[in-house]
Enquirer: 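Following this message is one structure expressed as structure tokens.
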Amino acid sequence: MESVSIRDVSLSFGAVHVLEKLNLDVREGEFLVLLGPSGCGKSTLLNCIAGLLDVSDGQIFIKDRNVTWEQPKDRGIGMVFQSYALYPQMTVEGNLSFGLKNQRLPGDDIRARIDRASKILQIEPLLNRKPAQLSGGQRQRVAIGRALVRDVDVFLFDEPLSNLDAKLRSELRVEIKRLHQKLDNTMIYVTHDQIEALTLADRIAVMKGGVIQQLDEPLTIYNRPRNLFVAGFIGSPAMNFLAGAVVKSGHGHAFRAGGHEIALDGYEPDTAIVEAPDALLGVRPEHVEINREAGANGAVSFPATVDLEEPMGADSLVWISLGDQTLSARVESSRRFRRGDTVHVCFNIPMASLFDAKSEIRM
Amino acid sequence: MESVSIRDVSLSFGAVHVLEKLNLDVREGEFLVLLGPSGCGKSTLLNCIAGLLDVSDGQIFIKDRNVTWEQPKDRGIGMVFQSYALYPQMTVEGNLSFGLKNQRLPGDDIRARIDRASKILQIEPLLNRKPAQLSGGQRQRVAIGRALVRDVDVFLFDEPLSNLDAKLRSELRVEIKRLHQKLDNTMIYVTHDQIEALTLADRIAVMKGGVIQQLDEPLTIYNRPRNLFVAGFIGSPAMNFLAGAVVKSGHGHAFRAGGHEIALDGYEPDTAIVEAPDALLGVRPEHVEINREAGANGAVSFPATVDLEEPMGADSLVWISLGDQTLSARVESSRRFRRGDTVHVCFNIPMASLFDAKSEIRM
Amino acid sequence: MARDGRPLQLFRNLNAKIAAIPMIFTAVVIFAGGTIWTVVYSFTDSKLLPRLRWVGLDQYDRLWNTSRWIISIENLMIYGVFSLVFSLVIGFVLAALLDQKIRFENTFRTIFLYPFALSFIVTGLVWQWILNPDFGVQSVIRDLGWESFTFDPLYTADIVIYGILIAGLWQGTGLIMCLMLAGLRGIDEDVWKAARVDGIPIWKTYLFIIIPMMRPVFITTLVLIASGIVRVYDLVVAQTSGGPGIASEVPAKYVYDKMFLGQNLAQGFAGSTMMLLTVLIVLIPWAYLEFGGKRRV
Amino acid sequence: MSNPGSLNIAAASLDAVKDRIDGGPRGPRPRKRISRRNIFIYGTLLVVAIYYLVPLYVMLVTSLKGMPEIRLGNIFSPPVEITFQPWVKAWAEACTGLNCDGLSRGFWNSVRITIPSVVLSIAVASVNGYALANWRFRGADVFFTILIFGAFIPYQVMLYPIVIILREMGLYGSLWGLVLVHTIFGMPILTLLFRNYFTSLPEELFKAARVDGAGFWSIYFRIMLPMSLPIFVVAMILQVTGIWNDFLFGVIYTKPDTYPMTVQLNNIVNSVQGVKEYNVNMAATLLTGVVPLVIYFISGKLFVRGIAAGAVKG
Amino acid sequence: TELEVTHWWTSGGEAAAVAEFAKAFDATGNKWVDGAIAGSGGTARPIMISRITGGDPMGATQFNHGRQAEELVEAGLMQDLTELAEKEGWRDIVHPVSLLDSCTVDGRIYCVPVNIHSWQWIWLSHKAFEDAGVPVPTNWDEFVAAAPALKEAGKIPLAMGNQPWQSSGAFNVMSIALAGLDAWKAVNIEKDAEAAAGPEYAKVFKAAADAREFRKDSNVQDWNQATNLVITGQAGGQIMGDWAQGEFQVAGQVAGEDYSCLPGLGVTEVISTGGDAFYFPKLDDPEKTQAQMELASLMLSKEVQVAFNLKKGSLPVRGDVDLAAANDCMKKGLEILAGGNILPDTNQTLSPDTQGQIEDLMTEFWSSDAISAEDAQQRYAEIIANAD
Ligand SMILES: Nc1ncnc2c1ncn2[C@@H]1O[C@H](COP(=O)(O)OP(=O)(O)OP(=O)(O)O)[C@@H](O)[C@H]1O
Ligand SMILES: Nc1ncnc2c1ncn2[C@@H]1O[C@H](COP(=O)(O)OP(=O)(O)OP(=O)(O)O)[C@@H](O)[C@H]1O
Ligand SMILES: [Mg+2]
Ligand SMILES: [Mg+2]
């Protein structure tokens, strides 16, 4: 059963088409992350689901009920905003109960729900404070609580963590994940932070220009991006792209770039490898191996020069020049390289992705 | 020779003491990063160096010249701001030349400098545009250019990348690093992003509450943090801290936590290991090893339960419960764990840090 | 799953629409309706009461052949240009001075702003009194020994409009200063720092960097001042009643006098239509600049 | 803070300092209190302040002088003999026609006019601004544009049509007619002010409230109102002073026994009996200005802040 | 019954006169609610008119009788007084009867004239001439001759306020006196533009151009401030209607001793019979209508006429009242009136619009040397040509 279904939804602001015939099905109890660059329409889509924006065309179903024209409050959704959007003049308790009072629930019931939510979120000692007296993390928790008390089917999060600092962000990330495991609600979560997306999601929908580019599980998205955009967008440090051509070679295919030929043995194609005069080989930095000596691990390797070394704590990023192309390789931080060192590179082809330069689709 | 020396500098805004007798020496040609949480006084310190704020006490030397009372323009510094601070109604060229024209440099000279700077920064095609017509990254480059044309001894950067999105940030980071290698100027760079700090810095000064906590090379800071604050602040995901005690055990010392005893063989102490009833063992997630079976790698291991798995692309973060403490471990993403799995943990003690809980200093 | 029909647009946000009725009423009936009514009747020969007897452009013909109207327009031009320039300059300079982290900022600001609390009637009366040649500034300075000192704007036809200007500026610059100050405070502090690091002198920073950055504020104040100028009436009535002679007449007064005193509504309507036209000439470029180019986000 | 980390560094660098000549300036840059810059700034401000204060001063001293002193002396000299007679006369005795009760009657009329006008105009404009900022509906922009243009229409254009409209509504000459007129003419600028302010509030608050099931009015009263104190203060100041100071509407849309204070002021000042009694006129002028002045002096700071919030942006 | 009465009589003498009406009206058991609007008819009339057209009329209101209320009457907003007038025989009482004609539209009577005001006076301060050492003039030419002496003595020869109607009024007085009755009638009644451009009027403009030199220093706004200059001897004279008399009276001055008055500038002894009249807007309440009738009748009654006009310094509209108490100047006026040397007032002959245009021209002319007598005359002629 689908929890939220979006059918052919389009939305334009005047001449700007933000969403174009978008389709999306979110499963019951799923944690779906909408990921995409700024301005791609993530918030817009979320607002459409919430009923805060009227769609120009298409329909929205929540729990198989057509809610396209219903008021936000009648859709069974709760929403958490980036800026917390707490009512500044009300106490935490007031914030939590506002929605319930609007539904004219009995006082006992309200009390009980607030108790439960504040226990889950551990904000019991804060109930009498005003938002201004809370820290960022506490505010975010209250904001979640506001959705929680309303017992909704679907939680919508719009970049709930981007106003927080890195440390708090990773803490709250874990909390949200735990909350989802506890509640088992459907959650739709907008972010442009890929670590958040990768760690939280059951499935990720990568958006660009109002269109969903790929909808898959995190590791599938990471390892087998459907197109160039997804490949480049996901992963930090970013994937390396080598420009070249796919050619026949012996019993299989090979990738030829700048005179070198890299055999595509073990590559897992989406469709099939075909010859292509213009192709891109995408390799993530952790799948680029560099060694001081050629053939150190028995694989075919190519000579390259070290450009720059960026230590990042646990590991370092080494930028190397291979012919006229620049690549980054991720190495353990104990291995040190200096600018100008000559190294030998080899690629982990089974983990690489091959793209047709024209269609930008993965082969 | 020191490029910038700060001697006993204090600064207070009214009753708020932001900097307290701060000392700092920046070497010629060095890339020094000031890292610290928000509000710790990083920008304040930078402004003092630039002469934009008058110190309450102490002296500032640039190239061994006492500049404590000099005007910003006479200090031989250039500054790049977080908000770019470009002059919006002037073209890029105007932005670059405005300061020079004020120094009444001859037109030829100005032209030559602009040419050089725009070549270095690759903004030649943009010279006739207004800032509003530039992307964030281009703006940042122009802001750097404005310092560049003035041929200054010291570059000051105040969080120059924090307004940019993640992708652009990592690109520009590399560019700044390259720029530094090309120019060999002294650069002082403020950030609260530790990846930036680790990758860019020759040395990092970690600040907190107006005091420099540690001034060292990036990997030293990462691997041998001088105190608990630095240890917790640096590294993402954050270092794990196990609460316990340091006890004598056999011919050496051991760390005892929750009934387990971890031998401290191979630990590299700052001073010396001493017995301590209240101690913290700090281990970074990549130095926590988990295995399905006990003693898989021959080391002593402890049983624990998996709490949560966070895939992060190249690797995953696995949260485990060890007794009543929670730890995170970094594992390759191909290894999958499920909530409730029992695993066996062991620690890479040579890479760990031991802190006295009271003084918070590394042993 | 069935495709539900789109509900009637009229009833979406019904409450908002109901709440906006006063605005719609005011906009359509009073402002648009009233304006159109006025324009229409300016083509008639209505006297004391409006009546629809068309006379074409006769009223405008007469209007532009009346020396009082011409003088009114001239006065409005002089008053307008000077008050625009001086309001902006004084307002900005005061704001810039107040923005120097000075002591007593609040006191000064209050002093500059308080005249704005007073009506034009009061303003006119006070300045009439201060500029009175027998008691005011002129006589005081003469008493101090400069026997030949002459400063009698209110009774000298050539400069009377400047006498009014002095009073008008006194009343109005405080608000302009306030807006400018708000604008200055809204400017990114880093720009100032950047300019200092670049070694740009303060006056240059203001002239070439800050003022261009404050364009929106300047436009707002410009429109504010301009609309006030077209309407100037009470001040003139209280201070000079248009005298000496008709030297300080202004269009608004002409319109009022023709409509009610001269009992020639149509003539008044023709005058007010011309004023409206002036307003449109000022406003439309502004509206185009403000709203035409970019949509509000 | 005792932190060995920083102590170490301090100790290390201490040696370095000893090597160097510890000369040259240290500590804060010396600042002359009377620098040329300060003389210029405060000098200019003072001169301008005098220009702004002189009228108030003249009003005050003139109102405290007797007529003989006024005729002889100069307007700037302080009163030799302070008399409050002009104040008494202006307040309670000055005549217009047969009514010799000075401004006192006008004062209460003004109060009676101002309070409902302020309340109604602010109420209407704030709801409008709120509807425009948060509940944009089709066509709203058109009406709003007309409304803003209305702010710049010379009042004279509207005087006559409004007479007709009020007559048709049967409100002409009543207090409510005048209240309506003030509401109408206050609407453009107030609506703009409120719209800008509400737009500047985080839109997410509004969205959150809608998700929470609050309706149009509930959001307005429970969420928006409590957050809008600054702009309400600005609106209140603008309206109180504007309505209190209004002359044109007061004189055209009321009748003598409900004349507001400004009209009474005009009557007193223009009812010259023999010589002009400047002292009484000035006292009357001051009395008329007292209410708006007091409001300004009390809430000037909020006004400035609110202006910044509502007028400059958006 | 309460009746609100609006008027613009707020100067000292005027207010005292109004009080007489109020007293008499209150004595009938009704109540006079005073609605004075300060600042001359110019300020007051717009308010009165908008109230009447706005549907919130007062009980009675002052206008200058003549054409000011013409359209209001035509629009049916005014009470028809014909019945009352016929019953009380106003036609017989009111003298000159032309006053009643001004109240008549299509044969119905709509207003009560309450006084006769004539513009044709110049008021001279004995003190000023004494100070200057010249005899008090007895006609305009003598006045012109004496002006330089006054100037020398530091006096303002001719006081004149800055209100527009004062300029045009003074001009009108001069034109009757200097251009002669025929020319004046041709211009103001027949609207003969040629006459306005003719030599008689050229003389007037010439004289006015000279006179504007005399008034140069009178920096006052209101007419009574100008009168006050005469009363205190700071100015030699003032061309002003007979209502100025009230001011002299309030100041305790005696005609012939402290000041003199010359009707028709001492040249052409006629007086124009302008004046004030009360109109009664139609009201719904029959009781109020009743009270209106009472007031109308009261205003024309002998005693009230006497009491009112004595205070106001104007002439009564009835020929049959005894004005023993009248002073010198008023008596002069009465004589002229009795002699039938009367003219209609410009309020009766010209529309407010035309008057307004003339006022504009005159204000400009009197205050600025920039406009020559010839130019002014030419523009004057144009206005007359377009007059309705
Ligand atoms: N009210 C509006 N009027 C016109 N265009 C709009 C409006 N709201 C959003 N847009 C446009 O719609 C596009 C999508 O906006 P949206 O807020 O959904 O992006 P987003 O993916 O949430 O971006 P971010 O990550 O920055 O929040 C943007 O290009 C934006 O400019
Ligand atoms: N003008 C000022 N008046 C009073 N206090 C100030 C002023 N400027 C800064 N502070 C205080 O000084 C402290 C340090 O500020 P600073 O801007 O240097 O922090 P920071 O380390 O740059 O933080 P961030 O990372 O947020 O930029 C803060 O606590 C701040 O509140
Ligand atoms: Mg968004
Ligand atoms: Mg900072």
Side-chain angles (χ1 to χ4, degrees), chain A residues 13-14 43-44 46-54 70-91 94-105 130-132 139 142-152 154-160 163, chain D residues 122 126-127 129-145 194-195 197-236 302 305-306 308-310 313-314:
Chain A
F13 295 108
S43 302
T44 306
L46 213 62
N47 281 324
C48 287
I49 298 174
L52 294 168
L53 282 174
D54 283 350
E70 305 228 330
Q71 287 295 321
K73 63 179 162 101
D74 303 325
R75 296 190 177 202
I77 50 109
M79 195 157 174
V80 178
F81 299 91
Q82 173 175 353
S83 62
Y84 323 126
L86 300 184
Y87 312 128
Q89 70 281 0
M90 301 182 191
T91 59
N95 268 282
L96 295 180
S97 62
F98 183 67
L100 303 177
K101 285 191 186 142
N102 276 315
Q103 294 176 22
R104 301 187 196 290
L105 289 189
K130 294 255 174 102
R139 282 181 214 183
V142 176
I144 296 174
R146 207 164 45 179
L148 206 54
V149 289
R150 290 184 46 242
D151 242 352
V152 293
V154 182
F155 274 73
L156 306 174
F157 293 87
D158 193 354
E159 310 197 14
N163 275 5
Chain D
I122 291 183
S126 63
V127 172
Y130 160 69
L132 284 170
N134 293 313
W135 297 83
R136 272 166 251 158
F137 53 89
R138 209 176 263 268
D141 283 348
V142 178
F143 298 124
F144 183 63
T145 310
F194 277 107
R195 190 198 73 141
Y197 184 83
F198 287 131
T199 313
S200 77
L201 292 182
E203 200 191 359
E204 297 184 339
L205 268 179
F206 167 75
K207 289 183 174 173
R210 280 197 70 192
V211 171
D212 268 348
F216 184 87
W217 294 110
S218 169
I219 295 179
Y220 175 72
F221 284 110
R222 308 270 309 274
I223 309 293
M224 294 300 181
L225 270 196
M227 293 172 58
S228 312
L229 181 70
I231 203 66
F232 273 90
V233 171
V234 172
M236 193 206 61
L302 278 174
R305 205 180 311 151
K313 294 181 225 143

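Just so it is clear, the model here is predicted, and its values are computed rather than measured. Order of the sequence lines fixes the chain letters, A, B, ..., with proteins taken first and strands second; residue numbering starts at 1 for each chain.
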Enquirer: So which part of A:Leu86 gets closer than 4.5 Å to some heavy atom of chain D, the side chain, the backbone, both or neither?
Expert: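 For A:Leu86, the backbone is the part near chain D, not the side chain.
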Enquirer: With chain D as the partner, which of A:Met90, A:Arg146, A:Gln103 has the greatest number of non-hydrogen pairs under 4.5 Å?
Expert: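 Looking at each of A:Met90, A:Arg146, A:Gln103 in turn, A:Arg146 comes out on top.
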Enquirer: Only pairs of heavy atoms separated by less than 4.5 Å count here; which of D:Gly215, D:Ala208, D:Ser218, D:Pro226 has the most with chain A?
Expert: D:Ala208
Enquirer: Given the ring of D:Phe144, does D:Arg136 sit roughly above its face, with NZ or CZ under 6.0 Å from the centre of the six-membered ring and within 45° of the axis?
Expert: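 No; the conditions do not both hold, so D:Arg136 does not lie above the ring face of D:Phe144.
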Enquirer: Checking D:Asp212 against A:Tyr87: is there a side-chain donor and acceptor pair closer than 3.5 Å?
Expert: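 On atom types as modelled, these side chains qualify, holding a pair under 3.5 Å.
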Enquirer: Is the shortest side-chain heavy-atom distance between D:Ile219 and D:Trp135 below 4.5 Å?
Expert: yes
Enquirer: Once you measure the plane-to-plane angle for D:Phe198 and D:Phe194, does it fall in the parallel (<30°), tilted (30-60°) or perpendicular (>60°) bin?
Expert: parallel
Enquirer: Shorter than 4.5 Å, heavy atoms on both sides: which option in A:Gly99, A:Gly78, A:Ala143 has the most such pairs with chain D?
Expert: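 That would be A:Gly99.
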Enquirer: Report yes if some heavy atom in the side chain of D:Ile223 is under 4.5 Å from a heavy atom in the side chain of A:Phe98; otherwise report no.
Expert: yes
Enquirer: Among A:Asp158, A:Asn47, A:Leu156, who wins on heavy-atom pairs under 4.5 Å with chain D?
Expert: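 Among the listed options, the one with the most contacts to chain D is A:Asn47.
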Enquirer: With a 4.5 Å cut-off on heavy-atom pairs, point out which of D:Arg222, D:Glu203, D:Glu204, D:Arg210 contacts chain A the most.
Expert: D:Glu204
